[in-house]
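To start, the structure under review is shown below, and the notes come after it.
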Amino acid sequence: MPYLTTEWGNPSSSYKFGSHLKAVIEKARGQVAELIGAYPSEIVFTSCATESNNTAINAALKTNPGKRHIVTSSVEHSSVLNHCMALEKEGYRVTYLPVDTEGLLSLTNLESVITEETVIVSLMWANNETGVLFPIQEIAEICDSRGVLCHCDAVQTAGKVEIDIKKTKIDYLSLTGHKFHAPKGIGALYVRRKTPFIPLIHGGHQERNMRGGTESVPLIVGIGKAAELARKHLPKYENNVRPLRDALEDGILNSIPNTELNGHKKKRLANTTNITFKGIESEALLILLDQDGICASSGSACLADSDEPSHVIRAMKSDSEASRQMIRFSLSELNTPQETTSVINAIRKSSIVLRS
Ligand code: PLP
């Protein structure tokens, strides 16, 4: 609260009322760094993960002007996919790696598409729609052995899976605060020491010249504190969330006919479940669930107003209907067993209405 009310100075100014806030920002930088085992100097605050993802890919390309090939996957978040599509229009070549029916990626395939022309491999750690995990350690090893930069969108992983960045060969890693209970509108980018970098947002000297613009002190304090709490809760996260998610998932799959899990059952986050309800349009089910006060989604929240079927499920399943008939539920430690029971009951009721 003080940073929204009384402590409204500008951290970049020379007078103490503002400049003492530099220490507040550095404390938050340390807290975010600790969440992923990085050095504080490797963390740059951004406005969101969309900016972090754009910044990482832009930095790799601009610092390697002779190379024009990017590798990513067909199930990335729109902040990577749409950026890559825009880059194709500028003459870059992009390989969108496919996934199998369980959402998994082939490392042999990855190795085979990297060429002398490849600048960067940008792959997510956990998928935002299915929770499916990519083997990012191995991916980063492959990149390192082939002399290619590795960017990881770890938005869904932070606070849910232990990240020890020093044990990986990842060069850039994107985070966003609102996935671990920080306010919306604040993100971070990890840039490994000595990794080539150029800012996306040119401006003042903020963020050690890596991202211009006056720092949002309240949001930075928010992501710092949230990172500290996420780190503290991490050891118990799986044990707290997985039983809730499994109860919800099993309850739906066992009691509602013609339902099917999307994504690998084991190789995924503990909090996400993505289920196809055959014969039921996602949007119709979401409207009924919303009336019962249940918040779920049919794909990425960033594309919720686009009427587009899920590109993630489309990449996994040849059945085109499946991408329009799925719902994603994401749980947190703050959900309760009573909530999972009432969600199962509400879905059962709604599916009977929609199938009758
Ligand atoms: N990457 C993934 C995997 C996401 O799930 C999201 C958002 O939900 C983003 C990137 C973009 O994050 P932001 O909304 O902070 O830009």
Please examine the side chains of [Y] and [X], heavy atoms only from C-beta on, and report whether any two atoms are closer than 4.5 Å.
X: Ile43; Y: Tyr190; answer: yes
X: Asp290; Y: Leu286; answer: no
X: Thr272; Y: Thr130; answer: no
X: Glu228; Y: Glu34; answer: no
X: Leu234; Y: Glu162; answer: yes
X: Lys349; Y: Ile344; answer: no
X: Leu97; Y: Thr72; answer: no
X: Thr276; Y: Lys278; answer: yes

Please confirm whether the backbone N or O of [Y] pairs with a side-chain atom of [X], one donor and one acceptor, at under 3.5 Å?
X: Gln31; Y: Ala227; value: no
X: Asn127; Y: Glu129; value: yes
X: Arg208; Y: Ser41; value: yes
X: Asn335; Y: Leu331; value: no
X: Ser350; Y: Ile347; value: no
X: Thr168; Y: Asp164; value: no
X: Ser13; Y: Gly9; value: no

task: Output, in order, the C-alpha distance, side-chain angles, deciding distance and verdict of side chain to side chain contact (heavy atoms under 4.5 Å, CB included) for Lys317 and Ser323.
output: CA-CA 8 Å; Lys317 307 218 160 157; Ser323 59; over 6 Å; no

- request: Apply side chain to side chain contact (heavy atoms under 4.5 Å, CB included) to the pair Leu229 and His181, showing each step before the final yes or no.
  value: CA-CA 9 Å; Leu229 293 173; His181 305 289; over 6 Å; no

- request: Have a look at Arg211 and tell me which of Glu51, His202, Gln206 forms a side chain to side chain donor-acceptor pair (under 3.5 Å) with it.
  value: Glu51

Minimum heavy-atom separation for [X] to [Y], with atom names?
X: Val241; Y: Ser332; value: CG2-C, 3.9 Å
X: Arg348; Y: Ser255; value: NE-OG, 3.4 Å
X: Val24; Y: Val217; value: CG1-CG1, 4.2 Å
X: Ser73; Y: Phe134; value: OG-CE1, 3.9 Å
X: Glu333; Y: Asn240; value: OE2-ND2, 2.9 Å
X: Lys166; Y: Gly37; value: NZ-O, 2.9 Å

query: Is the shortest distance from a Lys or Arg side-chain nitrogen in Arg29 or Glu207 to a carboxylate oxygen in the other one below 4.0 Å?
result: yes

query: If you look only at pairs with a residue in residues 16-46, which of them pass as a ring-ring contact (aromatic ring centres under 6.0 Å, His included), with sequence neighbours excluded?
result: Trp8-Phe17

message: Quick one, Ser174 with Asn53, criterion side-chain hydrogen bond (donor to acceptor under 3.5 Å, both in side chains). Give me CA distance, side-chain angles, the key distance, then yes/no.
response: CA-CA 6 Å; Ser174 302; Asn53 287 345; 2.6 Å; yes

- request: Might you confirm whether atom NZ of Lys184 has over 12 heavy atoms from other residues, nucleotides or ligands at distances under 6.0 Å?
  value: no

- prompt: Run the salt bridge (charged side-chain N to carboxylate O under 4.0 Å, His left out) check on Glu141 and Lys169 step by step: do they pass?
  reply: CA-CA 6 Å; Glu141 294 284 343; Lys169 297 274 170 58; 3.7 Å; yes

field: Residues forming a side chain to side chain contact (heavy atoms under 4.5 Å, CB included) with Glu249, sequence neighbours excluded
entry: Arg245, Leu253, Leu261, Lys265, Arg268, Thr273, Ile275

query: Does one hydrophobic cluster hold both Ile327 and Ile280, with members joined at side-chain heavy-atom distances below 4.5 Å?
result: yes

query: Under a single-linkage rule joining Ile, Leu, Val, Met, Phe, Trp and Tyr whose side-chain heavy atoms are separated by less than 4.5 Å, which residues share a cluster with Met210?
result: Val44, Ile57, Leu61, Ile70, Val80, Leu81, Met85, Leu87, Tyr92, Val94, Tyr96, Val119, Ile120, Leu149, Tyr172, Leu189, Val191, Phe197

